[in-house]
Structures are given as C-alpha cells and as structure tokens.
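For reference, the structure is listed below as structure tokens.
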Amino acid sequence: CEGEPFQIVSDVLSGLGVCGSWGFVDVLGLEDEGVSSVPSPSCALMLLFPLTQQHESFRQQQAGKVSGGTDLYFLKQTVVNSCGTVALLHAVANNPTHIEYDGDSALKKFLDETANMTPAQRATHLENNQAIREAHEEVAAQGQCRVEADNVNFHFITFVNVKGQLYELDGRMEGPVNHGTTKDDSFLKDAARVCRGFVERAEGEVRFSAVALCHT
C-alpha cells in the first residue's frame with residue numbers, strides 16, 4: 001500500500017476484468033499543487049491512512065452523521081484486512097457510466113448480483129466470492145492494511161461524487177458520510193480538502209497515500 005498504492009489498485013482492477021480509458025493514478029499531495037497534477041476529469045479518490053487513536057475518537061463523534069445514501073452503492077467491511085478491496089468496490093460501483101468491463105469480468109458479475117442487496121448482504125456475498133477473495137489475498141500479501149512495526153494499522157476509504165454530493169465511504173462505518181455539494185470539475189479538490197482533515201487530526205503522522213480514478 002504505502003508507497004505503491006497506484007500499482008496495487010491497478011493490478012486488482014485488471015485482474016477483475018476492468019478495462020477502458022478510466023484508471024487510477026497516484027495523487028502526489030493533498031494540497032492544491034499536488035491535486036492539480038492529476039488528470040481531469042476525476043470521479044473517485046481513495047485515501048490510505050493510519051488508524052490512530054485520534055482518528056478512532058473522531059469516528060465515534062461521526063457515528064450519528066451517516067447518511068441514507070439511497071443513490072449510493074455501499075457495503076460493510078467484514079473481512080479482516082479487506083479495506084482496499086472494499087474501497088475499490090466503492091469507487092467502481094459508484095461510477096457505472098465510466099467503468100468498462102471485459103465480458104467475463106468477476107467484478108461486473110459481483111456488482112450485478114449485489115445491486116439490490118443491503119450493505120450487510122453485500123458484505124456476506126463478498127466473503128463468499130472466490131474470484132474477488134483471491135484478488136484481495138494477493139493484495140493483502142503485498143501489504144494492504146498492514147500493521148507497521150509500531151503496531152499502527154492502515155486503512156483505505158473512498159470519496160465519490162454522486163449526483164453533486166461528496167460522499168465518504170468507509171466500510172468500517174454504518175453508512176456513507178455526506179460532505180456537502182461538489183461538482184465534476186471541483187470534486188478532487190473538495191475531496192482532498194476533507195482528506196487534509198485526516199492529516200491534521202493525525203498530529204504529525206505523515207504516512208498518507210492517495211490514488212484518484214481518472215480519465216487517462
């Protein structure tokens with residue numbers, strides 16, 4: 001993950017039958033300068049960050065702020081160390097007009113099968129999906145959500161623009177968090193602004209990485 005998020009996510013996408021002109025690129029920084037180097041348009045941002053005590057305390061404060069998000073595809077994370085896979089599913093599933101699939105895509109089949117399920121039912125379906133599980137295990141072996149020597153876990157979440165609303169999708173939560181309005185041309189900067197809050201709350205922690213789903 002840290003240091004190679006772009007390559008790992010791209011490998012998973014291709015392994016699950018995603019093709020076409022949209023793909024993930026590294027975001028070099030969360031300030032405007034780093035964001036401006038990302039190809040446009042962009043429709044999803046995945047953030048990798050350390051699960052600090054400050055973050056856990058903040059999440060408890062956010063517990064009552066989850067939104068219904070009826071237009072969103074959201075699933076719970078129930079498999080240990082599967083945050084990258086869940087974040088990837090959130091990015092792809094909430095951008096159906098941008099993503100193209102091979103004819104036998106395991107990811108497309110999974111999304112079709114779970115389209116009308118609840119977040120918990122989707123999580124169970126993911127647990128039993130061999131193709132996606134194998135892709136996840138390969139990524140996990142490369143370090144996804146690994147524990148560092150200082151016993152810090154890392155976690156992936158996703159930001160998407162759905163019908164002009166900026167949503168944060170974290171499989172550890174009960175639902176999406178709505179961060180207000182956004183537009184196609186400002187989405188990445190708006191999402192990066194929220195991400196900078198994660199950095200500020202970490203109080204000196206610098207191990208953050210991000211990738212954006214862009215038209216390349």
Side-chain angles (χ1 to χ4, degrees), residues 1-2 5-6 8-10 12-13 18 21-52 54-55 58-59 61-62 65-75 77 83-99 144-145 154-202 205-216:
C1 281
E2 187 196 358
F6 163 58
I8 292 175
V9 172
S10 298
V12 174
L13 275 184
V18 175
S21 57
W22 287 76
F24 283 94
V25 301
D26 281 319
V27 179
L28 301 180
L30 295 173
E31 301 295 336
D32 287 350
E33 181 179 354
V35 171
S36 63
S37 65
V38 176
S40 182
S42 175
C43 63
L45 177 70
M46 289 172 54
L47 176 71
L48 177 69
F49 64 97
L51 290 175
T52 61
Q54 294 92 328
H55 172 76
F58 178 72
R59 276 296 192 237
Q61 299 171 21
Q62 276 190 310
K65 296 183 178 180
V66 296
S67 106
T70 55
D71 297 319
L72 283 165
Y73 183 100
F74 181 81
L75 75 156
Q77 178 188 335
C83 61
T85 302
V86 171
L88 183 64
L89 288 169
H90 282 153
V92 172
N94 287 294
N95 287 288
T97 61
H98 299 321
I99 305 300
Q144 181 198 87
C145 304
F154 286 80
H155 186 56
F156 258 124
I157 60 173
T158 300
F159 295 86
V160 294
N161 171 14
V162 175
K163 295 188 175 181
Q165 298 292 308
L166 174 61
Y167 288 100
E168 174 188 342
L169 306 174
D170 181 346
R172 297 175 74 229
M173 299 186 71
E174 293 303 315
V177 176
N178 188 330
H179 288 284
T181 59
T182 189
K183 298 179 180 178
D184 290 343
D185 58 359
S186 66
F187 160 72
L188 197 58
K189 287 186 177 180
D190 294 337
R193 171 179 44 80
V194 178
C195 291
R196 290 199 296 271
F198 283 74
V199 178
E200 292 166 2
R201 285 188 295 274
E205 174 64 70
V206 297
R207 291 171 292 181
F208 291 80
S209 299
V211 292
L213 181 57
C214 308
H215 189 271
T216 57

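Keep in mind it's a predicted model, so treat the numbers as computed, not measured.
A donor-acceptor pair is defined here as one N or O able to donate and one able to accept, closer than 3.5 Å; such a pair exists between the side chain of N94 and the backbone of Y73. For R207 (side chain) and P50 (main-chain N/O), no donor-acceptor pair under 3.5 Å exists by modelled atom type.
When S42, S40, P41, P39 are each tested for a side chain to side chain contact (heavy atoms under 4.5 Å, CB included) with L188, only one passes: S42.
Taken from CZ in F74 to OG1 in T158, the straight-line distance is 10.0 Å, to the nearest 0.5 Å. Taking CH2 from W22 and SG from C214, the interatomic distance works out to 7.5 Å, rounded to the nearest 0.5 Å. Note: R193 CZ to T182 OG1 = 8.0 Å, rounded to the nearest 0.5 Å. For the atom pair OG of S37 and CG of D32, the computed distance is 11.0 Å after rounding to the nearest 0.5 Å. D71 CG to Y167 OH: the interatomic distance, rounded to the nearest 0.5 Å, is 6.5 Å. Taking OG1 of T181 as the start and CG of D190 as the end, the distance is 7.5 Å to the nearest 0.5 Å.
Nearest heavy atom pair, residue D184 against residue N161, reads OD1-ND2, 3.0 Å. Listed here is the closest heavy atom pair of D170 and H155: OD1-NE2, 2.8 Å. The shortest non-hydrogen separation linking F208 to V199 is CZ-CA, 3.6 Å. Across all non-hydrogen atoms, the minimal contact from A191 to F159 is CB-CB, 3.9 Å. Shortest non-hydrogen contact noted between M46 and G84 is CE-O, 4.1 Å. Residues L45 and V27 come closest through the heavy atom pair CD1-CG2, 3.7 Å.
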Evaluate the side chain to side chain contact (heavy atoms under 4.5 Å, CB included) criterion for residues V92 and L13: first the C-alpha distance (whole Å), next the side-chain angles of each, then the deciding distance (0.1 Å), finally the verdict. CA-CA 9 Å; V92 172; L13 275 184; 3.9 Å; yes
Applying side chain to side chain contact (heavy atoms under 4.5 Å, CB included), run through F156 and V86 and close with a yes or a no. CA-CA 8 Å; F156 258 124; V86 171; over 6 Å; no
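Residues I157 and E168 have side chains in contact (heavy-atom distance under 4.5 Å, counting atoms from C-beta outward). In this structure, the side chains of L213 and V160 stay at 4.5 Å or more apart for every pair of heavy atoms.
When the side chain to side chain contact (heavy atoms under 4.5 Å, CB included) test is applied to S36, no partner is found at least two apart in sequence or on another chain.
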